[in-house]
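As structure tokens, the structure follows; a few thoughts come after it.
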Protein chains: 2
Amino acid sequence: MRGQALKGHLDLLLLAILADGARHGYAIIDELRQRSDEAFDLPEGTVYPALHRLQKGGYLSSEWTEVQGRRRRTYRLTESGRGALGEQRLAWNDFTQAMSMVLKGVPWPDTP
Amino acid sequence: MRGQALKGHLDLLLLAILADGARHGYAIIDELRQRSDEAFDLPEGTVYPALHRLQKGGYLSSEWTEVQGRRRRTYRLTESGRGALGEQRLAWNDFTQAMSMVLKGVPWPDTP
DNA sequence: ACCTACACTATGTATTACTAGGTGTCAAGA
DNA sequence: TCTTGACACCTAGTAATACATAGTGTAGGT
């Protein structure tokens, strides 16, 4: 999938994953890939800065942990983050609905 | 609607409107607003550059017309544009499906 | 005379996903 | 032992693009 497509919707994805429980970055990438059936296979350079941005915005908190000699930064939804998740999900709903209204009636390409 | 959301999906919208038949920029904006039930109310500074970009990419052709003293640039889908419409529509489908897979299971906010 | 809708254009800005590089740990295999 | 690969993080720079802003001009109504 052309990743550009998720421009503006990455935050929602990350918040959604973290709604399940706290996770570290690498695990988030993994789960995103699994849950989306490989469709979302995001590079680290995409996810880490986004997590930093979300934390800076107060939507996530994080803490360092050490597991078998490997340091991990575990992220957790804040109250504000949970609110943002709800809002963005509603916005996503509105958006897809508006898209399908515009797309409705447009003929599909010939697929014989 | 926060317009940022359509980042990367504007082209699909424009191609979809033009699949209905040739139109000029202002009319495209109008129809986009109507078909989306006011959700997509795009500023000219968004749409015109996008049309130019699409034409430059070979997806649209255009010609000047004059209607009651007002000059209009009427845009039309090219063959290539029709192909792109099909592709982008499939991509949009894949994208929404992947999104809903990730979103599935995430609890909605309390709405009493 | 003024305002609004119509209709287009150009320039600059902010956001953001991604590229490309870098650091370091650990386990398995050659 | 040395190398590879998975794990795990980071940052600086780039490209794309929606939008803000400002400008040009016509037509029609008040």
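These numbers come from a predicted model, not from an experiment. Every chain is numbered from 1, with letters handed out A, B, ... down the list of sequences.
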Contact under 4.0 Å: A/Tyr48 side-chain N or O vs D/dC9 OP1/OP2: yes

Nearest whole Å is fine: how far is D/dT17 C1' from B/Leu51 CG? 14 Å

side-chain N/O A/Arg53 vs C/dT15 OP1/OP2, d < 4.0 Å: no

Does B/Arg35 use its side chain to pair, donor to acceptor, with the backbone of B/Arg33 at less than 3.5 Å? no

Is B/Arg73 near enough to C/dC8 that one of its side-chain N or O atoms lies under 4.0 angstrom from OP1 or OP2? no

Of the listed nucleotides (D/dT17, D/dC19, D/dC10), which one gets closest to any side-chain atom of A/His52? D/dC10

Side-chain donor or acceptor of A/Arg89 paired with backbone N/O of B/Val106 under 3.5 Å: yes

B/Thr46 side chain vs B/Leu42 backbone, donor-acceptor pair below 3.5 Å: no

Is A/Glu79 atom CD crowded by more than 12 heavy atoms from other residues, nucleotides or ligands, each under 6.0 Å away? no

Tell me yes or no: between the side chains of B/Ser62 and B/Gln55, is some donor less than 3.5 Å from an acceptor? yes

Whole-Å distance, A/Leu42 CG to C/dA20 C1', equals 17 Å

Please pick, from C/dA7, C/dA17, D/dC19, the nucleotide with the shortest atom-to-atom distance to any side-chain atom of A/Thr46. C/dA17

How does protein contact run along nucleotides 21-30 of chain D, one letter per nucleotide 5' to 3', with B for base contact, S for sugar-phosphate only, - for none, heavy atoms under 4.0 Å? B----BB---

Ring-ring centroid check B/Trp92 A/Phe95, cutoff 6.0 Å: yes

A/Val47, A/Tyr59: one ILVMFWY side-chain cluster at the under-4.5 Å cut-off? yes

Under the 3.5 angstrom rule, does the side chain of A/Arg72 hit a backbone N or O of A/Gly25 as a donor-acceptor pair? no

Between residues 10-39 of chain A and DNA chain C, which residues have a heavy-atom gap below 4.0 Å? A/Leu10

Cluster overlap B/Met101 with A/Phe40, hydrophobic side-chain contacts below 4.5 Å: no

Quick one: A/His9 NE2 to D/dA18 P, roughly how many Å, whole number? 11 Å

